[in-house]
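Notes for the one structure printed next.
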Number of protein chains: 2
Amino acid sequence: MDEDQIHATLSRMLLAGRLPGGTKLGEHRLADIFGVSRERIRKVLHRLGHERLIEVVKNRGAFTLAPDPSEVHVVFEARRILEGGIAAHLADTLSPDQVETLRAHVDRESEALKTGDRRTWLRLSAEFHFLLAAMTGNPVIVQQARELVGRTTMLVAFYENNAGAQCGCAEHRTIFRALASGERARAGKAMSAHLALIETRLRPLACVDAGPPLEDVIAEFMEPPSPPARTRRKAQMKAEAQA
Amino acid sequence: MDEDQIHATLSRMLLAGRLPGGTKLGEHRLADIFGVSRERIRKVLHRLGHERLIEVVKNRGAFTLAPDPSEVHVVFEARRILEGGIAAHLADTLSPDQVETLRAHVDRESEALKTGDRRTWLRLSAEFHFLLAAMTGNPVIVQQARELVGRTTMLVAFYENNAGAQCGCAEHRTIFRALASGERARAGKAMSAHLALIETRLRPLACVDAGPPLEDVIAEFMEPPSPPARTRRKAQMKAEAQA
DNA sequence: ATTGGATCAATTGTGCACAATTTTAGCGGA
DNA sequence: TCCGCTAAAATTGTGCACAATTGATCCAAT
């Protein structure tokens with residue numbers, strides 16, 4: 001199997017979020033699974049680590065990310081900043097053709113929502129953000145947006161909140177209107193507000209799913225330096241015990 | 001020598017832009033220079049490649065980037081988008097302390113400019129952008145901003161236009177005023193305009209330095225698939241001939 | 001003289017064996 | 001029962017030797 005194939009396969013798997021956070025990804029084990037040498041796996045693992053899709057610790061190996069709530073906030077805040085900038089930029093530079101493409105996309109979202117085609121709606125909903133990034137025509141921006149969207153996907157998959165946490169269709173249309181009329185400030189604000197809403201829809205579930213953190217409860221009664229640090233460690237131990 | 005040290009050393013060297021674009025970075029050669037094994041160098045090289053500080057081609061090795069004008073535009077456009085988003089975000093979230101820190105920074109810039117301390121002024125000028133990214137408190141954003149600022153540094157170093165292409169002090173103050181007064185839209189626009197100005201100050205030099213592209217002239221009389229692709233290749237050949 | 005192909009040198013990619021580090025299991029004592 | 005220590009097992013890191021690919025040089029043929 002090719003190295004890029006292995007990387008793509010593992011990426012899909014990680015983005016799907018099927019493994020619990022902190023799961024160990026042993027080199028020898030993966031080498032057996034894919035039927036390739038361990039070195040091949042090593043390279044892919046380090047690459048995934050640099051892409052922030054897994055966490056690699058020196059002399060300890062690779063682990064799936066344990067998405068503590070603070071990471072949710074960090075990623076969504078980063079998306080608000082970056083995609084807010086994208087929206088503002090597009091409001092100034094969008095061509096008539098691009099406006100029409102966007103209009104068609106939002107219309108398809110509405111249509112899918114109306115006809116109850118939930119699967120299509122989910123896909124279109126996710127593609128909307130990527131489409132905007134692509135419309136900048138800037139490969140650097142596309143790359144950065146792809147990374148953030150990927151991390152978001154992992155987060156929502158982990159909190160298995162696929163049902164309600166998707167993008168609201170009306171909000172996409174609001175963003176579109178601001179873009180189409182060239183209202184730079186409004187477009188940026190709308191995008192930022194939209195992403196903030198998604199985060200709030202996601203967060204409540206996180207607390208439920210995270211279970212009893214125990215150490216965090218103790219930490220609440222002490223000075224607050226950085227509570228989430230220990231949550232991660234506990235999740236790792238639990239996951240490793242399963243393996 | 002440690003692996004991280006080698007990475008840091010090469011990073012500094014690349015960002016300084018001392019080597020011409022397209023210079024080959026042979027593994028065996030670097031291994032001899034640093035006095036370490038080739039594998040160590042390989043790892044660092046691939047890491048640098050993933051960070052877009054060099055270009056690694058399969059079965060051919062690593063090369064310093066050949067900054068064609070299109071890359072200049074791409075990087076600066078990306079900075080306008082990202083840092084525009086950062087400025088807009090900060091206008092909403094800046095604390096009084098942060099406002100004072102920024103004010104002090106801009107004052108120091110003015111002071112350095114007035115007293116003719118050019119070295120200090122250049123440093124402060126560059127740090128202004130990084131300071132804003134850091135003030136988001138978001139590691140993801142800091143990381144992305146660092147990458148773009150780094151690539152910008154390489155570009156200005158390559159075009160050896162260090163003299164006039166630095167940030168205008170007045171523009172920084174304009175951005176600061178918008179941030180301090182919480183004018184989100186104005187802050188984003190000011191940052192975007194500021195970066196656009198830097199690019200225009202830089203570009204004329206680029207065209208002079210690029211020399212006669214030759215293949216591009218031929219390409220102009222054919223169908224336009226992706227002209228910049230061949231410019232890069234020519235720069236590589238020229239650089240390799242020197243080595 | 002130029003183009004085409006083939007061989008050869010140089011450089012990168014890969015698998016394997018060994019070294020270093022971490023983790024775990026076992027054991028004895030407080 | 002719990003803690004500390006030691007040793008062994010497992011896992012990752014590294015250097016080396018060899019394979020594969022690329023680029024260049026040379027020679028021949030048109």
Side-chain angles (χ1 to χ4, degrees), chain A residues 1-10 19 21-51 53-66 230 232-243, chain B residues 1-10 19 21-51 53-66 215 229-230 232-243:
Chain A
M1 203 173 196
D2 197 339
E3 176 178 317
D4 287 333
Q5 280 179 306
I6 297 175
H7 176 267
T9 301
L10 287 178
L19 308 87
T23 303
K24 181 168 180 58
L25 301 171
E27 299 179 351
H28 193 64
R29 191 174 184 182
L30 289 173
D32 285 345
I33 294 175
F34 284 102
V36 299
S37 74
R38 192 165 66 91
E39 319 301 304
R40 192 83 52 110
I41 297 292
R42 278 178 69 76
K43 208 164 149 189
V44 174
L45 246 38
H46 283 277
R47 186 171 157 197
L48 290 171
H50 199 280
E51 295 170 20
L53 264 67
I54 60 175
E55 186 183 18
V56 298
V57 183
K58 172 142 178 153
N59 284 321
R60 289 212 35 216
F63 305 85
T64 59
L65 295 177
R230 299 204 165 166
R232 148 86 57 84
R233 197 168 296 166
K234 181 177 179 292
Q236 280 187 0
M237 291 169 59
K238 188 175 67 179
E240 287 174 23
Q242 294 174 354
Chain B
M1 202 172 195
D2 197 341
E3 178 178 315
D4 288 333
Q5 280 179 305
I6 297 175
H7 177 267
T9 301
L10 288 178
L19 308 87
T23 302
K24 181 167 180 60
L25 301 171
E27 298 178 351
H28 192 64
R29 191 174 183 182
L30 289 174
D32 285 345
I33 293 173
F34 284 100
V36 298
S37 73
R38 194 165 64 93
E39 321 297 305
R40 192 81 54 105
I41 296 292
R42 279 179 67 76
K43 208 165 151 190
V44 174
L45 247 36
H46 284 279
R47 185 170 156 197
L48 290 170
H50 199 279
E51 293 169 22
L53 264 68
I54 59 175
E55 185 184 18
V56 297
V57 184
K58 171 141 179 158
N59 285 322
R60 288 214 35 218
F63 304 86
T64 59
L65 294 177
E215 284 106 328
R230 298 205 167 163
R232 149 84 57 83
R233 197 168 297 166
K234 181 178 178 292
Q236 280 187 1
M237 290 169 60
K238 188 175 66 179
E240 287 174 25
Q242 294 174 353

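A note on names: the letters A, B, ... follow the listed sequences, proteins ahead of strands, and every chain is numbered from 1. The figures that follow rest on heavy atoms only: side chains count, while hydrogens, waters and symmetry mates do not. This is a predicted model, so every value here is computed, not measured.
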To the nearest angstrom, how far is [X] atom [atom1] from [N] atom [atom2]?
| X | N | atom1 | atom2 | answer |
| --- | --- | --- | --- | --- |
| B:Ile41 | D:dC16 | CD1 | C1' | 16 Å |
| A:Arg42 | C:dG15 | CZ | P | 13 Å |
| A:Lys43 | C:dT14 | NZ | P | 5 Å |
| A:Arg29 | D:dA10 | CZ | C1' | 14 Å |
| B:His46 | C:dT12 | NE2 | C1' | 8 Å |
| B:Phe63 | D:dG23 | CZ | C1' | 11 Å |
| B:Glu39 | C:dC16 | CD | P | 15 Å |
| A:Arg38 | D:dT11 | CZ | P | 10 Å |

Query - Phosphate-side-chain proximity, A:Lys24 and D:dT12, N/O vs OP1/OP2 below 4.0 Å - result: yes
**Report entry** A:Arg47 and A:Asp4: CA distance, side-chain angles, deciding distance, salt bridge (charged side-chain N to carboxylate O under 4.0 Å, His left out) verdict
**Finding:** CA-CA 11 Å; A:Arg47 186 171 157 197; A:Asp4 287 333; 3.2 Å; yes
Query raised in the report: Are B:His7 and B:Glu51 close enough that a side-chain donor and a side-chain acceptor fall under 3.5 Å?
Result: yes
Query raised in the report: Hey, does the side chain of B:Lys24 reach the backbone of B:Arg60 with a donor-acceptor pair shorter than 3.5 angstrom?
Result: yes
Query raised in the report: Donor-acceptor pair, B:Thr64 side chain versus B:Leu19 backbone, under 3.5 Å?
Result: no
Query - Given D:dG13, C:dG15, C:dT12, the nucleotide with the shortest approach to the side chain of B:Glu27 - result: C:dT12
Requested in this report: Hey, which sits more toward the 5' end of DNA chain C by its nearest nucleotide, A:Lys58 or B:His28?
Outcome: B:His28
Requested in this report: Establish whether the base of D:dG13 is bridged to the side chain of A:Arg60 by a donor-acceptor pair shorter than 3.5 Å.
Outcome: no
Query raised in the report: What nucleic acid atoms does B:Arg40 come within less than 4.0 Å of, heavy atoms only: base, sugar-phosphate, or nothing?
Result: sugar-phosphate
